[in-house]
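Per chain, numbering begins at 1; letters A, B, ... match sequence-line order.
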Number of protein chains: 2
Amino acid sequence: MRAEQIAEDFPVVRSDMEAIDAVRMIAQHRLPGLVITDVSERPMQILPASQVVRLLVPGYVQDDPALAGVVSELTADRICERLSGKSVAEVLPKPSRPIASVNADDTILEVAAVMAREHSPLVAVVAGDRLLGVITASRLLEVALGNR
Amino acid sequence: MRAEQIAEDFPVVRSDMEAIDAVRMIAQHRLPGLVITDVSERPMQILPASQVVRLLVPGYVQDDPALAGVVSELTADRICERLSGKSVAEVLPKPSRPIASVNADDTILEVAAVMAREHSPLVAVVAGDRLLGVITASRLLEVALGNR
């Protein structure tokens with residue numbers, strides 16, 4: 001069994017998409033994270049859902065979470081205000097590591113090793129620069145346990 | 001809006017459960033992670049799905065992922081062999097930090113701050129020692145964006 005065989009289609013976020021639409025996408029589809037590509041649709045970065053949430057948290061609250069209790073609430077209005085008119089590229093944190101990716105012919109164990117090492121809820125399956133699909137952690141477990 | 005109001009029921013894993021059943025649970029329900037409790041059902045630890053995957057990867061492959069390509073594949077048989085007869089408590093890594101949890105009356109922004117800081121795909125909503133429910137990152141985004 002090879003990575004390409006178990007990869008699934010997955011909604012992809014281009015870096016020039018509106019940031020607010022990318023956040024909506026994760027909420028609507030209950031995704032474990034986002035795969036972000038550049039404008040040529042080359043996979044660039046995987047942002048776990050918790051780090052999409054981070055985009056909504058003001059910097060001073062990130063620095064001191066105790067402040068979260070005493071400042072105003074996280075509302076749809078505030079989120080829109082915070083992200084309005086900004087592209088994904090404009091709000092994205094600088095990636096600290098290369099994207100968690102595997103090759104089409106990598107084994108399930110190789111996929112598992114990358115996922116575990118990168119603490120990533122999903123990995124991109126690539127052929128050169130091209131995204132073939134995505135493997136989520138739960139998909140990998142499903143396949144490894146024999147429920148394909 | 002308070003944490004308790006948006007918390008959802010979530011399958012919980014007791015530390016004396018068979019490890020293989022906990023792994024099956026994440027695959028079957030496509031969970032973003034596991035909430036692990038002690039035998040008195042007090043929440044102890046949250047294990048993101050990527051770190052459940054790690055339980056299946058032999059130590060020498062974790063140390064050197066390049067070995068994953070040259071050793072045998074991750075199969076259902078091997079997973080069962082690896083975990084067979086072991087409880088969740090026996091295979092669980094030592095938690096490096098306290099469990100990502102919030103109080104029942106914490107605000108959505110406080111939940112978001114904890115989730116972002118802990119890089120956790122879900123947080124436990126607790127009242128003292130008792131688990132009231134769980135908030136996943138996608139649930140939090142859904143509520144914050146106003147689709148309740």
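- The CZ atom of A:R30 sits 10.0 Å away from atom CG of B:L141, with the distance rounded to the nearest 0.5 Å.
- Highest contact tally toward chain A, considering only B:V53, B:L31, B:V114, is held by B:V53 [criterion: heavy-atom pairs under 4.5 Å].
- In this structure, chain B has no heavy atom under 4.5 Å from any part of A:L55.
- For the pair B:R54 (side chain) and A:A116 (backbone), a donor-acceptor distance under 3.5 Å is present.
- Smallest separation of non-hydrogen atoms from A:A27 and B:L145: CB-CD1, 4.1 Å.
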Let me see the working for B:M1 and A:L74 under side-chain contact (heavy atoms from CB on, under 4.5 Å), right down to the final yes or no. CA-CA 9 Å; B:M1 188 83 71; A:L74 189 64; over 6 Å; no

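- For B:I20, the part lying under 4.5 angstrom from a heavy atom of chain A is the side chain only.
- Of all the heavy atoms in B:A137 and A:S50, the pair that sits closest is CB-N, 4.1 Å.
- With rounding to the nearest 0.5 Å, the separation of CZ in B:R24 from CD in A:E142 is 13.0 Å.
- Of the two parts of B:I26, the backbone and the side chain both hold a non-hydrogen atom closer than 4.5 Å to a non-hydrogen atom of chain A.
- Both the backbone and the side chain of B:I108 come within contact range of chain A, judged by heavy atoms closer than 4.5 Å.
- Taking the side chain as every heavy atom from C-beta outward, A:H119 and B:Q51 approach each other to under 4.5 Å.
- Using a 4.5 Å cut-off between side-chain heavy atoms of Ile, Leu, Val, Met, Phe, Trp and Tyr, with links allowed through other members, A:V126 and A:V39 fall into different hydrophobic clusters.
- Contact of B:S120 with chain A is made through the backbone alone, with heavy-atom distances under 4.5 Å.
- Here A:R117 is the residue among A:R117, A:Q62, A:H29 with the most heavy-atom pairs under 4.5 Å with chain B.
- The 12-atom threshold is not exceeded at CG of B:D9, counting heavy atoms of other residues, nucleotides or ligands nearer than 6.0 Å.
- Here the straight-line distance linking atom CG of B:L56 with atom CG of A:L109 works out to 9.5 Å at 0.5 Å rounding.
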